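In this chain, residues are counted from 1 in sequence order. None of the values given here were measured: they were computed from a predicted structure. For the numbers below, each heavy atom of this structure counts, side chains included, while hydrogens, waters and symmetry mates do not.
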Amino acid sequence: MHERTLTALKGSILKWEQIVAGTGFDKGADNCPLCDLFYNKSWCNGCPVKTKTGMSCCDGTPYQDEFVRAKRRRRSALMSYDEHDAAAAEADMHAAAKTELAFLKGLLP
């Protein structure tokens, strides 16, 4: 793995460590070091996430499969004032963040 790629991967891991700790937040590609390096320039080519999944835009990862879905559910629940479902979705987001973090750590050489 190239040094720039490893640095970006470690930055993405830090992002998800902060999300799990409750001190960070997700802005998708806008605050992802791997996306900064690979997404806008080459549609994810060379990204270790794409290498692992074979798909662009983090498809096939806990981020897309679990976190984004829970985040959308939370937003919908908040808009409909369903505090119970919003809390459940928030718990699902936290669990998915832990899974995403483990996924990214598994990409380290």
**Report entry** Residues which pass side-chain contact (heavy atoms from CB on, under 4.5 Å) with A91, listed by chain and number, not counting sequence neighbours
**Finding:** none
Query - Over all atoms of both residues, closest heavy-atom pair of P109 and L6 - result: CD-CD1, 3.8 Å
Query raised in the report: Does one hydrophobic cluster hold both L108 and L34, with members joined at side-chain heavy-atom distances below 4.5 Å?
Result: yes
Query raised in the report: What pairs with T5 under side-chain contact (heavy atoms from CB on, under 4.5 Å), at least two apart in sequence or on another chain?
Result: M1, H2, L37, F38, P48
Requested in this report: For Q64 and C58, work out which heavy atoms get closest and say how close.
Outcome: CG-O, 3.1 Å
Query raised in the report: Excluding sequence neighbours, so at least two apart, what forms side-chain contact (heavy atoms from CB on, under 4.5 Å) with A29?
Result: C35, Y39
**Report entry** Partners meeting side chain to side chain donor-acceptor pair (under 3.5 Å) with E90 (sequence neighbours left out)
**Finding:** R74
Query raised in the report: With distance as the sole test, does S76 use its side chain to make a donor-acceptor pair with the main-chain N or O of R72 at under 3.5 Å?
Result: no
**Report entry** Nearest-0.5 Å distance that lies between atom SG in C57 and atom CG in D59
**Finding:** 6.0 Å
Report summary line: Hits for side chain to side chain donor-acceptor pair (under 3.5 Å) against N45, two or more places apart or cross-chain, chain-then-number order -> K50
Query - side-chain hydrogen bond (donor to acceptor under 3.5 Å, both in side chains) contacts touching residues 18-29 (sequence neighbours left out) - result: K15-D26, D26-Y63, D26-K71
Query raised in the report: Looking at CG of N31 and CD1 of I19, how far apart are the two atoms once the value is rounded to the nearest 0.5 Å?
Result: 6.5 Å
**Report entry** Residue pairs fulfilling salt bridge (charged side-chain N to carboxylate O under 4.0 Å, His left out) with at least one residue in residues 94-109, sequence neighbours excluded
**Finding:** E17-K105
**Report entry** Between OG1 on residue T99 and CG on residue L104, distance to nearest 0.5 Å
**Finding:** 11.0 Å
Query raised in the report: Applying ring pair (Phe, Tyr, Trp, His ring centres under 6.0 Å), which residue pairs with at least one partner in residues 79-109 are found, sequence neighbours left out?
Result: none
Query - Nearest non-hydrogen partners of S12 and C32, listed with the distance - result: OG-SG, 3.5 Å
Report task. State the CD1-CG distance between I13 and L107, to the nearest 0.5 angstrom. Result -> 7.5 Å
Query raised in the report: Under the side-chain contact (heavy atoms from CB on, under 4.5 Å) test, which residues partner D85, sequence neighbours left out?
Result: R73, A77, D82, A88
